A.B. asks: 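Next up is a structure, given as structure tokens.
This structure is a prediction, so every number in the text was calculated from the model and none was measured.
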Amino acid sequence: MKKLINSAETVVTDALAGVAAAHPSLAVDIENKVITRSAGPTAGKVGLVSGGGSGHEPLHGGFVGYGMLDAACPGEVFTSPVPDQMLAATKAVNGGAGVLHVVKNYTGDVLNFQMAAELAEDEGIEVAPVVVNDDVAVQDSLYTAGRRGTGATVFVEKIAGALAERAAPLGEVAATAREVNERSRSFGVALTSCTVPAAGKPTFDLDDQEIELGIGIHGEPGRSRAPLATARDITAAALDAIGADMPLTGDLLVMVNGMGGTPLIELYVVYNEVHRYLAGRGARITRNLVGNYITSLEMQGFSVTVCRLSDTLTDLWDAPVDTPALRWGR
Amino acid sequence: MKKLINSAETVVTDALAGVAAAHPSLAVDIENKVITRSAGPTAGKVGLVSGGGSGHEPLHGGFVGYGMLDAACPGEVFTSPVPDQMLAATKAVNGGAGVLHVVKNYTGDVLNFQMAAELAEDEGIEVAPVVVNDDVAVQDSLYTAGRRGTGATVFVEKIAGALAERAAPLGEVAATAREVNERSRSFGVALTSCTVPAAGKPTFDLDDQEIELGIGIHGEPGRSRAPLATARDITAAALDAIGADMPLTGDLLVMVNGMGGTPLIELYVVYNEVHRYLAGRGARITRNLVGNYITSLEMQGFSVTVCRLSDTLTDLWDAPVDTPALRWGR
Amino acid sequence: MDAGFFRAWVAEITAVVETQRDHLTQLDAAIGDADHGINLARGFGAVETALAQASTPTPGSVLRLTGATLISKVGGASGPLYGTAFRQAGKALGDGAEVDLSTLAGALEAALSGVQKLGAAREGEKTMVDALAPAASALSKAVAEGASAADAFAALADAAGAGAQATISMQALKGRASYLGPRSVGHEDPGAASTALILGALRDVAARQAR
Amino acid sequence: MDAGFFRAWVAEITAVVETQRDHLTQLDAAIGDADHGINLARGFGAVETALAQASTPTPGSVLRLTGATLISKVGGASGPLYGTAFRQAGKALGDGAEVDLSTLAGALEAALSGVQKLGAAREGEKTMVDALAPAASALSKAVAEGASAADAFAALADAAGAGAQATISMQALKGRASYLGPRSVGHEDPGAASTALILGALRDVAARQAR
Ligand SMILES: Nc1ncnc2c1ncn2[C@@H]1O[C@H](COP(=O)(O)OP(=O)(O)O)[C@@H](O)[C@H]1O
Ligand SMILES: Nc1ncnc2c1ncn2[C@@H]1O[C@H](COP(=O)(O)OP(=O)(O)O)[C@@H](O)[C@H]1O
Ligand SMILES: [Mg+2]
Ligand SMILES: [Mg+2]
Ligand SMILES: [Mg+2]
Ligand SMILES: [Mg+2]
């Protein structure tokens, strides 16, 4: 295992100390692992709290700031945070208008946020959860824990964050967050595994000519293994899977996301293929992101997330945002 | 070799097509490999042209836009572009106030830009070059081709770009660009090699417990090999090397840059160590960047670049910038 | 069985989880995200500290503190689930200074129902429930049949172990392993494996104390 | 030697560079950035196309077009340097339809001085100059001594090959390899190696044409 860390035990807190040092706009409680805006809660605004295992950076801490999250709770690497963190974050960002919990659909995340929400409500804070489950690699059925939450989380956080900034009430922010989730689908592909620092060796093995289709963001294996193919064919497999689940028509917001170890030049090659594929089917990408937004440590690979925009969602997407990892309009 | 590409031959043009599709603010001549602002040249403004081998993304194409470059010329992977590209870019961005060539100090880049400058001057366009040579891993002496241009290129492009936007004349823009270079030093470390697509195998081999200190951005080996160590010790080695060449005092702009395959969580761990190291020596990081800005394909590793700011340079750094990879203030 | 007995049990779990840390993590790597052993080692490490610092005069208070600490420190799916299991068991043990086998059997049933209420897993879905449910039944049955403590604990641990083994041939329908669909077959569920270790630790501690 | 001879030479270079592409790239991987073979293969591939499309009636025009194309298509250090070498050689050949050995020797000296003017490398600094300089001298010397064409070309190619081999023990003082300092010792310079191939191709073509 080759990593730029001091120890597996301290990687999360060391990185949080780095985040604190790098971003004066963020307040970081390193011991309790809670990142909030330094400006504190905004009175009358719905607070947005997200959280999840570490190793997905910039998600979520990199999305704390004006127009997006109020707080993020990073867990240990690939392990959902604990209710204490979420409760502390919820209390810290409550501006009196209630708090939205953005939860990725994993058993651990759901259970811990559920416990936190109960505790917060005991303390008189209204909480609404949105559970993101956009990953079409997993069938949402009786036979699974449901689709996983992946790339759409970024869209939910951005768009719900923009709406909250406009002082919309909790019910409305939650409804829009859920709408974004329902309109979004993702599919991920791994070229290599990642190594959880505390585990010390790769989570899975892929040989030199093999890729994993439908990979999760924690190195959970996906739908199937396939031979390494061209960017065009791999992209088509990903979009075929998405298209089988949601019509790919109208105005689309598309994210081509790197898994952490993939260079930008390759992400642009993939974006070009996504663009060709969708244009060939009469859809129009009106907004896009190309880069590392929700990663799996040093894994090589990518995911593509498609959201079917409405005019309202486009307007919220375009609204100013000022976070370490997403910034425009200010 | 595992890459998200269609072929080694088309990786650069496919990626450029992706850049074109993703960024309406950029005009991309895919065949001639020139990226310019879609808005065209700004009359009376000094034009900024940079260029270099591909594989360093977002450098340089990701820095084309308001407040930074007017054009970028990407060469083949790790191979400097050719004079034709540079001449076309120079002509395209000339707003009548002359053109600054931002050149990283490699024999190939210098020679090709030199030929392009002669051709441009033959066509009546005034050109001033700034040769960036910030990498302290290489001794600048009779025994080398001189220090390499690495991370300071980002600072030079941002700061000179801001000054050009204020309609400063070419001489002044060039002088400030050179000042930024003189005030900046970098040092890079590799944990793994990278693989040039057309070569098909790693440029060098490092065993599981070895790192390369003083790595270049093209996989050129550096000063020495060393055993894998903690982030703290590796960072100290990098900053010791920089400190031996330039006093680390005053207000500093610091970039902790990922080589392409290093996850952000590790870059924040390194940034934390940089911050501790410099704070311990009484220096103050007043501005910073943490992320992938000048990469070496999928190499794992990082570089740290330090620039000693003046008030003027800080002001120019803070000026609005609106490019795919660096954006604030608008 | 007094509070000391339960503290010894938890200490034994802490030790076993530490030695089996990599094994549990590798089980999780095969069908999950390679952190189960790490999670439990972190959790029981914190429990050890918490028990050393707080006063836990009763069996119930030992298990309640264990559960609360796991909830606060583990995260993931196993944190709330094991945390709830220990908390519910602790609640069922009440506030007496001593508990008997039959009360303990009831506490295990309470743990099981807490886990099932929270996680909604039924038997056969390849989770910790597949070790916990047969173990709880086996203990209740042994108690009902008037078995000796040694036999009862052996029945409990054997049932948990067999239950964990039985997960190998199951397809996961809950938790992260369910994403794999049929590819989850052929691997032991890490949570079932850790439940077998936890209940094996109970048998071992009981055997030691009986000597 | 007419334009056809020089086109045959360039065609032979194109073929050799293609078969030695990976070898040259590996030499560059050891002390540079692993692209020298790729660069030259791309460049001479473009030269082949350019020569097929344009009319090059004289030896000088063949080499000038070769040089200009290399400058336009190669990039890197070797693009401008080899481009300049061929352009300067082409200029020295002038516009005659036939050139003799002595004119060719002068053209090689012109190529060398073009490379040195642009790149500022002297002999012993581990660059293409270390193959080109002894080769140019050897040809001039053979011509001065009235050697046969076959002997003169053999002397040229042997000197280039020996020059390239001699770079192995040198420390690089120019180009990317210089960053390595003493670690550059023990590796053949890729540009010197390609120069030896290019001049070896000249000998081979001359030998073929003589038959
Ligand atoms: N819904 C559930 N009910 C009961 N147990 C579950 C459920 N979901 C997961 N588990 C258990 O949790 C174990 C995984 O724990 P762990 O790896 O620590 O958490 P995570 O899956 O969040 O990484 C699984 O092996 C399984 O036994
Ligand atoms: N200043 C110089 N003068 C002469 N030849 C040089 C000089 N610098 C580099 N070279 C030659 O160029 C070769 C490298 O070419 P190439 O790999 O194509 O370019 P780059 O170094 O830009 O990747 C070296 O092996 C060396 O022979
Ligand atoms: Mg986990
Ligand atoms: Mg090169
Ligand atoms: Mg797990
Ligand atoms: Mg090279």
A.B. asks: Could you have a look at Lys201(A), Gln85(A), Glu76(A), Arg148(A) and say which one has the most heavy-atom pairs with chain C under 4.5 angstrom?
C.D. replies: Arg148(A)
A.B. asks: Check whether Asn105(A) gets within reach of chain C through its side chain, its backbone, both or neither, counting any heavy atom under 4.5 Å.
C.D. replies: backbone
A.B. asks: Grab the two heavy atoms, one from Tyr179(C) and one from Glu220(A), that are nearest each other, plus how far apart they are.
C.D. replies: CE1-OE2, 4.0 Å
A.B. asks: For the side chain of Ser178(C) and the backbone of Ala145(A), is there at least one donor-acceptor N/O pair under 3.5 Å apart?
C.D. replies: yes
A.B. asks: Considering only heavy atoms, which portion of Ile38(C) lies under 4.5 Å from any heavy atom of chain A: side chain, backbone, both, or neither?
C.D. replies: side chain
A.B. asks: Please classify the contact between Ala177(C) and chain A as side chain, backbone, both or neither, with a heavy-atom cut-off of under 4.5 Å.
C.D. replies: neither
A.B. asks: Take Thr79(A) and Arg42(C), measure what side chain to side chain contact (heavy atoms under 4.5 Å, CB included) needs, and give me the verdict at the end.
C.D. replies: CA-CA 12 Å; Thr79(A) 299; Arg42(C) 182 176 62 251; 3.7 Å; yes
A.B. asks: I need the Phe78(A) CZ to Asp35(C) CG distance, nearest 0.5 Å.
C.D. replies: 9.0 Å
A.B. asks: Can you list every side-chain hydrogen bond (donor to acceptor under 3.5 Å, both in side chains) pair that touches residues 106-121 of chain A, not counting sequence neighbours?
C.D. replies: Ser80(A)-Asn112(A)
A.B. asks: Look at atom CZ of Arg87(C) and say whether more than 12 heavy atoms of other residues, nucleotides or ligands are closer to it than 6.0 Å.
C.D. replies: no
A.B. asks: Can you establish whether the number of heavy atoms outside Lys174(C) located under 6.0 Å from its atom NZ is more than 12?
C.D. replies: yes
A.B. asks: Of the backbone (N, CA, C, O) and the side chain (C-beta and beyond), which part of Ser72(C) lies under 4.5 Å from a heavy atom of chain A, both, or neither?
C.D. replies: both
A.B. asks: Side chain, backbone, both or neither: which part of Ser184(C) has a heavy atom under 4.5 Å from chain A?
C.D. replies: neither
A.B. asks: With only heavy atoms counted, which part of Asn39(C) is less than 4.5 Å from chain A, the side chain, the backbone, both or neither?
C.D. replies: side chain
A.B. asks: I need the residue from Ile31(C), Val74(C), Asp28(C), Thr84(C) with the largest number of non-hydrogen atom pairs under 4.5 Å to chain A.
C.D. replies: Val74(C)
A.B. asks: Could you give the distance from CD (Gln171(C)) to OG1 (Thr144(A)), rounded to the nearest 0.5 Å?
C.D. replies: 10.0 Å
A.B. asks: Side chain from CB out, backbone as N, CA, C, O: work out which of these in Gln26(C) comes under 4.5 Å of a heavy atom of chain A, or both, or neither.
C.D. replies: side chain
A.B. asks: I would like to know whether Glu212(A) and Arg183(C) meet salt bridge (charged side-chain N to carboxylate O under 4.0 Å, His left out); could you show each step before the answer?
C.D. replies: CA-CA 13 Å; Glu212(A) 181 85 28; Arg183(C) 291 165 81 194; 3.1 Å; yes
A.B. asks: Where does Ala121(C) contact chain A at under 4.5 Å (heavy atoms): side chain, backbone, both or neither?
C.D. replies: neither
A.B. asks: With only heavy atoms counted, which part of Tyr143(A) is less than 4.5 Å from chain C, the side chain, the backbone, both or neither?
C.D. replies: both
A.B. asks: Who pairs with Thr58(C) by side chain to side chain donor-acceptor pair (under 3.5 Å), at least two apart in sequence or on another chain?
C.D. replies: Ser61(C)
A.B. asks: Any chance you could lay out the side chain to side chain contact (heavy atoms under 4.5 Å, CB included) test for Leu111(A) and Leu81(C), step after step, and finish with the verdict?
C.D. replies: CA-CA 8 Å; Leu111(A) 295 183; Leu81(C) 290 165; 3.8 Å; yes
A.B. asks: Would Ile71(C) and Met115(A) satisfy side chain to side chain contact (heavy atoms under 4.5 Å, CB included), going step by step from the backbone distance to the final call?
C.D. replies: CA-CA 9 Å; Ile71(C) 291 174; Met115(A) 293 194 147; 3.8 Å; yes
A.B. asks: Write down the atom of Ala199(A), the atom of Ala34(C), and the distance for their closest heavy-atom approach.
C.D. replies: CB-O, 4.1 Å
A.B. asks: Which one of Gly181(C), Gly76(C), Ala29(C) has the most heavy-atom pairs closer than 4.5 Å to chain A?
C.D. replies: Gly76(C)
A.B. asks: Answer yes or no: does atom CD of Glu125(C) have more than 12 heavy-atom neighbours from other residues, nucleotides or ligands under 6.0 Å?
C.D. replies: yes
